[in-house]
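The structure appears right after this line, and notes come after that.
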Amino acid sequence: MSSSQRITEYERKRLENIKRNDELLASLKIKSKLADLSSSAKRHRAETKSYKLSPEKKARSETPIVIRRSLRTQGKAPDLSGLKDDFSEPTKKSTTLKSQVSPNQSPKKLEPISMRDANTCSESDELLVNKILSVCKGSGLDGDGDGDGERKCRVRVSVDLESMELAPENVARVVPNRILSVKFFPSAGLRMVVVGNKFGNLGFWNVDLDNEDGDGDGIYLYQPHPSPVSAILIHPFSLNKIITSCYGGLVRSLDVEKETFGLVYSTEHAIFSMAQQPDDANNLYLGEGHGVVNIWDERSARSSFSWELHDSRINTIDFNPENTNMMATSSSDGTACIWDLRKIGKSKPKSLKVITRERAVHSAYFSPSGDRLATTSLDDKIGVLGGANYEDEFMLYHYNQTGRWLSSFKGVWGWDDSYIFIGNMKRGVDVISTLQQRLVTTLESPHMTAIPCRFDPHPFYPGMLAGATSGGQVYIWT
DNA sequence: TGAGGATTTAGGATG
DNA sequence: CATCCTCCAATCCTCA
C-alpha cells in the first residue's frame, strides 16, 4: 500500500517534470528541431512503423512527435540555457510553481510568431498560403459586401443521410494526439479543415490538394500555442484571419497575408471557449476561467464587457444565427443558459432561460434557423429545446462517458434543423432526428478506426461533415 | 469547504 | 498481439 502510494507520488513529480520539459521544448522549438536532426535513427524507426492510414500522411504527421520527444528519449537533459530558474527546480510543488510561472510567462509566447517559426512539419507552406489567399480574393471580399452577406454564411438545405459515406482518401492524421477543435474553412471555394490539438498544434488539411496530382498531401502543421487549442474561428467575412484560443490564456490570429500568428489577447486564466457573432467579426466572446464571458474588441484591443455567467468553466458559446443578440452558453456547473445581450445587465447578469442538468453540460448550440437549441451533457442526455420561447424540450438518452483520454462529445447541427450529429463510443456517428425525436441512423465505416469526438459541417457543402478523433485523425464524410 | 488522492478510459507506441 | 504509457476530465471520496 504505502509503496504504491510512494510510487504514484513519484510518478506525479516525474510527470510534472515531463510537462515542464514539453513546455520548454515548445518554446524552444528550434533547438528541439536541431536535436531531431541528430537523431535520424529514431526518426527512421518512427516513420517505418505502420498503422492503417495512408503512408504519406503518416510520415508527415509523425514528425512532430519525434520532435517533441527527441531530447527526452535520447536521455539528454533538456537544454536549460537561456531560461530563468523557473524550470530549474523540478521537485517543486505545483502550487508554488504556478505562482511563479503565471505572472511572468515566457516572454516568447506573448509576441507574434511567424508561420515559418511555428511550422513544425518543415515543409514549404507556399501552396497553403496561396490557396487561402486566392480564396479570399476570389470570394469577393472587396466586392459585394452587402445584401447577400447573410446568405453567404452557410447554405441551409436538407441532406440525404443515406448518401453520406466515408471515402478512404478522406481520412488523414492531421495532427498528433488529441484534437479538441475542428473547423471547416467557411468558403465555397475551398474544402479545407483546420484542427487544434492538446499540444497547441494547428493542423491544416486541404482536401482538394490531396486529390490533385500529388504536390504533397495537403497537410500542414504549426504550433502557435503552448497548450490545448480550445477554439478555432474563421469568420466568413474575413477569411484570411484564423483566430485560435488556448487553455494557456492566449488568443492568436493568423494573418495569412502577413504569414504571422499575431497575439490578440492574453490572460492568466484558461480560455475554454470562444465565439463570434455571425454578423460581427470584431468582437470575440471568450469563455475564461471559472465562468466568465469576456467580450474583447479586437479593433480597439480592449475588453468592452465582462460577466460572470457561470460557476464553472464555460464549454461553449454560441449565437442564434437569426437573432445575433441571443447567446447560449454551456458550462461544467451543470447548466446551459440563453442570454439576450441587450438585456443582460451590467453587474447582475440575467438570463432568458436556464437549463439545469445533473452533470456538466458540454455544448449548447442553436440550430441553423435559430428555433432550437441542442445541449449535450455528461448526464448522458441530449436535450433539444424548441417552441417560441424555447419552452418545449425533449430529451434523449445518449451515452456520453468519453472518459479521460477522449474529448467530450458535443452534438452539432447539420445543414438544417432536422438532424443532430454526435459521436458514439463504438466508432460511429449517431444521427438524431428532431422531427422523430429519436436516433435515426448511425454513420459507420471500416475506415473510421477511432472514435470521432468533435465535428464540423461544411457550411457550403451539404453532407460534408468533418469528424475529429483523440488520435489526431480527421474523417470527412461526403 | 477545499485540497488532493483514486479511478475510469481509448489509442498509439513498443517489444 | 500483449503490454505499457498517456497523465490541464470529471467525479467521488477522504482527510484535514
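In what follows, chains are A, B, ... by sequence order, proteins preceding strands, each numbered from 1. Everything numeric here is computed off the predicted structure, so don't read it as measured data.
- For A/R178 and B/dG12, the shortest distance from a side-chain N or O to OP1 or OP2 is not below 4.0 Å.
- Between B/dT14 and C/dC7, the two P atoms lie 14 Å apart (nearest whole Å).
- Contact annotation: A/H362 side-chain N/O to C/dA10 OP1/OP2 distance is under 4.0 Å.
- One P atom belongs to C/dC12, the other to B/dT9, and the distance between them is 15 Å to the nearest Å.
- Following rounding to the nearest Å, A/E358 (CD) and C/dC12 (P) show an atom-to-atom distance of 11 Å.
- Atom pair A/L378:CG and C/dC12:C1' shows a separation of 14 Å (rounding to whole Å applied).
- Qualifying ring-ring contact (aromatic ring centres under 6.0 Å, His included) partners for A/Y399, counting only residues two or more places apart in sequence or in other chains: none.
- Interatomic distance, A/H310 NE2 to A/H290 NE2, rounded to the nearest 0.5 Å: 13.0 Å.
- Taken residue by residue, residues 397-407 of chain A places heavy atoms nearer than 4.0 Å to DNA chain C at A/R404, A/W405.
- Here A/W296 pairs with nothing under the side chain to side chain donor-acceptor pair (under 3.5 Å) rule; sequence neighbours left out.
- Rounded to an integer number of Å, the gap from A/D333 CG to C/dA10 P is 12 Å.
- Applying the ring-ring contact (aromatic ring centres under 6.0 Å, His included) criterion to A/F455, with sequence neighbours excluded, gives no partner residue.
- Taking atom NZ on A/K426 and atom C1' on B/dG11, their separation rounds to 19 Å, with Å as the unit.
- Legend: residues meeting side chain to side chain donor-acceptor pair (under 3.5 Å) with A/H362, ordered by chain and number and at least two apart, are A/S408.
- The nucleotide whose nearest atom lies closest to any side-chain atom of A/S332 is, among C/dT11, C/dC7, C/dA10, C/dA10.
- Put simply, CZ on A/R454 is 10 Å from P on C/dA9, counting in whole angstrom units.
- Counting only heavy atoms from C-beta on, A/R359 has its side chain closest to C/dC12 among B/dG12, C/dC12, C/dA9.
- Within 6.0 Å of CD on A/E358 lie no more than 12 heavy atoms contributed by other residues, nucleotides or ligands.
- Comparing C/dT11, C/dC8, C/dC7 by their closest approach to the side chain of A/K198 singles out C/dC7.
- A/D318 is linked by a side chain to side chain contact (heavy atoms under 4.5 Å, CB included) to A/Y365, A/F366, counting only residues two or more places apart in sequence or in another chain.
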Item to check | Nucleotide-level pairing of DNA chain C, given in dot-bracket where Watson-Crick and G-U pairs need both distances under 3.5 Å and | marks other strands | outcome: ||||||..||||||||
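- Rounded to a whole Å, the CG atom of A/L180 is 13 Å from the P atom of C/dC7.
- Taking the ring-ring contact (aromatic ring centres under 6.0 Å, His included) definition, one finds that A/F394 meets it with nothing, sequence neighbours left out.
- To the nearest angstrom, P of C/dA9 lies 16 Å from CE of A/M425.
- Partners of A/W405 by ring-ring contact (aromatic ring centres under 6.0 Å, His included), not counting sequence neighbours: none found.
- A/H290 places its NE2 atom 13 Å from the C1' atom of C/dA10, with the value rounded to the nearest Å.
- Under the 3.5 Å distance criterion, with hydrogens and angles disregarded, a donor-acceptor pair is assigned to the side chains of A/T442 and A/D430.
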